[in-house]
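So the structure is just underneath, and the comments pick up after that.
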Amino acid sequence: MRFILVLRSTFLFLSELFKVEYWKRLNIINISLFFFFSVKQRKNKDIGAEQSRVEKIYHLFHRLHLEDRRHNKLRPADVLQIFAHSLQSHESCAEEELIQTFLQKLLMMNYRARYIKTKEKNKEDHTQQRNNHSSEDESDIFHEMSLSSDGTSHSERIHPMDVQMAVFHCADGFLKQLMVTKLSQCQYALPLLVPDPDTHQIEFPLWTFRQINKSWKMRNTNNETIIQIQPICTAKTPMVSFFRFGSVSSSKSQLMNSLINEKHNTFFHRNCPGSSRTRVLMDGVVEIAWFCPSGSYDDKFTDCVAFCNLHGDAGDHEKQLQILTEMASVNVVLLSQLDMNDKSAAIIQNMYRNSKPLICLFTENESAVTEVKKRKYKIGLRDRNHSVVPEELRRTINVCLSESSSTFRLEDLSKHSDIRVDEEDDEDCRRGREAAQQMMSLLEKKDLTEIKEEFIKIFIKEMNSHAANNMYFLKWLRIFLDEYISADLSDLHHKYDEMWSTVLKLKENFDKSEQLKAEQAELERISEELQAAAFGVEHIMREIGQIYESCSSVKKNKKDLQFDFSSLPSLAAEMMISGFPLELMDGDAAHVPVVWISAVLDKLIQKLGDQRVFVLSVLGVQSSGKSAMLNAMFGLQFAVSAGRLTRGAFMQLVKVSDEMKTQMNFDYILVVDTEGLRPLELAARSTKDHDIELATFVVGLANLTLINIFGENPSEMQDILQIVVQAFLRMKKVKLNPSCVFVHQNISDVTAKEKNMEGRRRLQEKLDEMTKLAANEEVYDAEYFSDVIRFDVQNDVKYFAQLWEGNPPMAPPNPKYCENIQELKKTIMSHASKSHGMMLIDLKDRIKDLCEALLKERFIFRKLETEYSKWSWSLRSAMMETENKLHNKSKELALQLKDKANNEETLNKEFELFWEQSVNRIVSDTPPIKDTDIMRDVREILKNIYRSALVYHCSESCDIFTVSTFSQYVIFRKSTKTVKETCGFVQTLSPEDESEIRSLVTDVAQQTDSMIQSFNISKMGYNISCIQQLIDYIKKRVAEHQEGSVNYVLKIEFFMDLVLSICKRANKIITEQHRLFKEANDHVLYLERKREEYYSIFQKYCHGATSAAIFGEIICQKLKEPIEQSVYKKTAKVLTDEIMKNCLSLNGNRSDLEKHILKTLAEEEDFNKYMNYIHNTIDHFKSFIRDEVSRYITDKFSVSVLPKMKENIKLLQQKIRKAAHESTEHVQVNRGDVGLWLKSFTQQLSDELIFSEKDLSGVKYDDVDDFNLLKDVIREELPPIMSYMSSRFNTKTFPANLDYKFRPDKLLIDHFCQCCWVQCPIRKDVCTNTIENHHGDHSVALHRERGINERHFPQAQYLCAVVCTKLVTSDQDFNAPGGKFPCREYRRAGGVYEDLSITPDLSELPYWKWFVCRFQKDLEKHYSKTSEGSFKISDEWRKYSKQNAIECLGQCI
């Protein structure tokens, strides 16, 4: 009261001062007091409203159990776990489970996440009753129905959008981004401007949009379809804003849905299932959605259009209103009617006066669309047809958009003041962006190949320096890299689509012309460009893995490497823990970097402990939805777009919640996503072998494999089933027992039980059929799929609905598909609960073992690689003569028909008749290529060698590879003391001798396999001389074996059984290769392939082409094969030099190579490999060289081999053009004829190509006199031919097309292996002299321990552990063919002992000591002996580690 009196006095004083009349003074005072109390009352009212709002928000978060998460934010790791709750399908749940259920459904892309019902705690509350005991006669409906229900009403249901926004407010940046990405995939509107519940500050969550790409199709003015794939943050599109003023009867959001997708609730509205009267968190929120056209004629809008929806009364949210009206292309307002006294009247007036199009929708007006003035429209909604209004509104918006050029870009919103942008507000996010931008700035100035090392250095430095914002840095880098390559990818995709359409049309027309081949080659080239253009974080990590493996092999950092290479696996492990997939198999080289992966898993074990994992893998054809299925099941983010196909294999960890660990018996699921089998873009390069290797690897790695089949195409199903069955069969053979579940995706009717039963029956039959085929190929006894793997066709086959509910790009995911995912997830967990999984340390070993098995082909699986070489001259000249005769006859016929050149039908008819007659004549004159009978030839040769024995022996069907003992094949020498006697009569071989003979058999089989490949039967044809060479080689090896220090003689039957067994095994390969030769060289088939070429020349003659033009074309065609031969030969030679220079293991001498082999053996610790090296040293060397060369070619093909081939072909093209030019000048200067021109031309090319005048013998070219034209034709015709050849160069064709004698591995084997291979008979050490048949003694640098070879000591039951250099100083004896001799006097044994130089040496040589200790048990088992008593291994030896052993190699060799 006192304050009021003071105020009154103040106003009186002021009015007196300004001479205001008294009555006026009273009015001023009264007005002032009224103003004061009004403000105070309004403030009290606002404070009350705010207090009520805060209470409602607190109550909401309390009901949702999110109070603690307002500041302690939810992270992706909190929700991307396997919970018990996530294994159930929930259509309704308790209120406290709403958040968990909502997130579970959202992460599975189930748009019903917004329609979850809550269970009532007390069902009696649901129906309210009153105590009204009046009789039925006295009851009054008007009175009783109007009674208030206050005090008994149950609590209001939580609004679904409050659930969504509550989670949004309680999530960290990464979970928000994941949520918004999944909302976008569900085709839901996304939060664009979000008021903070506490401060009212408006936030623009730009970061949450960064992972979203939108794709759409448009038609240009030429009616061509244009495909657009753009990050939504940077896409420029028109934008239409919708506002509501006041209270209206119609739903704005529902109206917007009818514009975008009338079948889907993009914007949640009041009539949606689960909606409630009150919502707490949505007022003032702006949501955005995009309409993306499909390129069809019934699209609602022809371009991508953004739609923004301001929730609540727009008049109460001036900032959001201002931003949207400024940025919109069209503004749409919804109100009941215009009222000048309305609080929002001024706002609406301003919008009307603005130049932007405005559409007013009146809920209380019945008028149709009316243009009030230019770009200003009104539409009435009252009592109007619900389908008419949306159509009117759509047409009006389209008119407005056509007259407006303004566009909206999401990123531009961040320029507005007074709003908070999450990317700028979050320091970690900002730092991560700046670091990624620094890396990208390098790419602005130079090509990646130039700055690769610097790029990698910055990446690693950033990953090491700011661990807190690593995730932001990685995500930003991925975003920027995608943006960097998007333009190139978009252009290439457009080219690919066009070329693919062309190829399809040609195929549909059964076109087999050169054009189809050229188009297919171009399609392949574009495909390669697409793969080369892809560049992401996975490629950087691949490079880091290669750096690590390189440094690890030499145990030191590379020059200029500014970080310790040993820190690299830790980075990758952190990325895996953070949820990033890690590349398990290099998708471009089909290579598993075992050293790198092992190191990463070691670091993972350090950080997490040796956790138990359940490995889940997936196999299926390309684009069959494998990645999408895994993403939906576990909330992952494997690449799923058609432009980013999975290549190779990636693995990602999914955590099992603590509550589930006790049930599941493991801590993580390791999900392995793989590239598609038979991928379309690799059609020309991919082979069944690659697919089988991939399938074998992932099936062998996994505890459970999902076999994903798209649709019910029988042929596609058969292809994948054969691959899968063969992979499982291999696992059975090596005692691994994985499980599988088949998933049929995109099935139209998944509910039809009868149809599904029929489908299961057909699948079972197909699996059994494929099992028989695979069993034959794998040499395994299995008739049914159940013989290979435990498989329940009722429970382990799942049928999936179509992924999309409608047609993309506006279709949301099908809820039925999500239900199928849920069922599959339960099935997987059921399998998992019965499995013990494997420890991470065991996983590491499993990966290593699988890779080694595939490399060494332990699954009885051989790649039949054919090698090109030129045909024999007789065959080649006969073919050329035939071709040239046909050419001359066709030319004569063309000259006769020259006057009918315009009648294509006549020409074709005449040529067909000529062709048929000519081919029939050739066939009758040419003997056909005969079929083969390999075993008949084998018996014929053996008969000539051993006539008497063959009578009874050849009828036997013995397989020497499967016999349990070789005792039946030997005659023991009288002096032997190493054999055992059974019952005093039967003598048997010692285990040592058995092992020696088996090694001989195995090695001879391997060498004959190599010989068969070198015969090149598919190109040269089969001849009995091939079998003669094999038998001669086998005979030589058997004789050499018997000349050694063995105590038995091998019977004739051994030799014959060995020959027959090897030839039986080779029969199939030789027969198949001869069949290929016959198909390629049969005159009829050959001429049929040439028909189009001859008809083309025939047509040109008919149409008046000159002889010079035709001759030039013929020369170019004849040059194809010589050019190809030259390119491969030159490249192979240069490549061999490069390998010797760059490949660490091959850039020294034989001793250096041996050091690398021994180092590799120590690192791999494979006993069987050691035994192969010890007993078959030269073959082990050769195998090692082949593996090194193959790995180098595969790894370096795109960066080294292919550029060399293209450079060689370019140089040849220049050489040929130059030869044509200079030959033309030579003829013109010397006034010569075409004969002189051809002689000059071929002579100039003689140094480069196997091409001479003989190649054109028989071709009539006497009338060629226009040499300038001839030169021009060659210049024009040559590039397409060269381009076609270049397009065929790849990692598969390179080794196949190399002449055997020019292969880099053969050249390197000749270089390294043409030396002395004499072995020390005591220890099997190999002489290190690099000269074959050298003078002087044989010497060894690194002596092995005696127990390694086991052969030469009297105490046959014990293994001896002594080094040769120490034995020669001892008093021990050793056995030799001439008897027992003291070790000190070893030269007395004669033979090879005479030339041995074993220098007494008491120094320590750790390598073989470590070997004996490491493999003691294996040696004892292998030789069936023990190390006991005086032969016990010294404790001193056990101090040597593997590292000591490896380090000593550098000192000894």
Could you tell me whether the side chain of L582 reaches within less than 4.5 Å of the side chain of M575, counting heavy atoms only? no

Would you call H539 and L481 a side-chain contact if the rule is heavy atoms closer than 4.5 Å? no

Testing the basics here: between C1143 and Y1192, what is the closest heavy-atom pair and its distance to 0.1 Å? CB-CD1, 4.4 Å

Evaluate the criterion side-chain contact (heavy atoms from CB on, under 4.5 Å) for residue pair L1146 and V1189; output intermediate values, then yes/no. CA-CA 9 Å; L1146 302 174; V1189 170; 4.3 Å; yes

State, to 0.1 Å, how close E1163 and K848 come at their nearest heavy-atom pair, and which atoms those are. O-NZ, 3.6 Å

Could you give the distance from CD1 (I1185) to CD1 (I1139), rounded to the nearest 0.5 Å? 11.0 Å

Derivation of the side chain to side chain donor-acceptor pair (under 3.5 Å) call for Q438 and E434: CA-CA 6 Å; Q438 182 190 357; E434 289 167 358; over 6 Å; no

Heavy-atom check, side chain of R433 versus side chain of F480, under 4.5 Å: yes

Take Y1173 and F1184, measure what ring-ring contact (aromatic ring centres under 6.0 Å, His included) needs, and give me the verdict at the end. CA-CA 10 Å; Y1173 168 77; F1184 184 88; 9.9 Å; no

Verify ring-ring contact (aromatic ring centres under 6.0 Å, His included) between Y668 and F614, making sure each step is shown before the conclusion. CA-CA 6 Å; Y668 288 89; F614 179 83; over 10 Å; no

Between K661 and D658, is the closest basic N to carboxylate O distance under 4.0 Å? yes

Just checking K1442: does its NZ atom have more than 12 heavy atoms from other residues, nucleotides or ligands closer to it than 6.0 angstrom? yes

Using atom types as modelled and distance alone, determine if a side-chain donor or acceptor of H831 lies under 3.5 Å from a backbone N or O of S739. no

Are the side chain of R612 and the backbone of H836 linked by a donor-acceptor contact shorter than 3.5 Å? yes

Between S657 and I82, is there a donor-acceptor pair closer than 3.5 Å when you use the side chain of the first and the backbone of the second? yes

Heavy-atom closest pair, residues Y548 and S566: CE1-CA, 4.3 Å

Do L616 and L670 have side chains that get closer than 4.5 Å, going by heavy atoms? no

Between A436 and W476 the two heavy atoms that sit nearest each other are CB-CB, 3.7 Å

Treating R75 as the side-chain partner and D172 as the backbone partner, does any N or O pair qualify as donor plus acceptor under 3.5 Å? no

Quick one: are I841 and K844 in side-chain contact, heavy atoms under 4.5 Å? yes

Flag side-chain contact, heavy atom, 4.5 Å: E574 against N470: no

When you measure from the side chain of D673 to the backbone of V618, do you find a donor-acceptor pair of N or O atoms at a distance under 3.5 Å? no

Do you know the tightest heavy-atom contact between L850 and F697? CD1-O, 3.6 Å

Would you mind reporting whether M839 and Q611 have side-chain heavy atoms less than 4.5 Å apart? no

Contact between E1165 and Y1170 at the side-chain level, heavy atoms closer than 4.5 Å - yes or no? no

Dump the intermediate steps for ring-ring contact (aromatic ring centres under 6.0 Å, His included) on W1408 and F1411, then the final yes or no. CA-CA 5 Å; W1408 291 110; F1411 168 81; 5.3 Å; yes

Using atom types as modelled and distance alone, determine if a side-chain donor or acceptor of N1444 lies under 3.5 Å from a backbone N or O of S1441. yes

We want to know whether K607 and S570 form a side-chain donor-acceptor pair, criterion being a heavy-atom distance below 3.5 angstrom. yes

Shortest non-hydrogen separation from V595 to E549 and the atoms involved: N-OE2, 3.0 Å

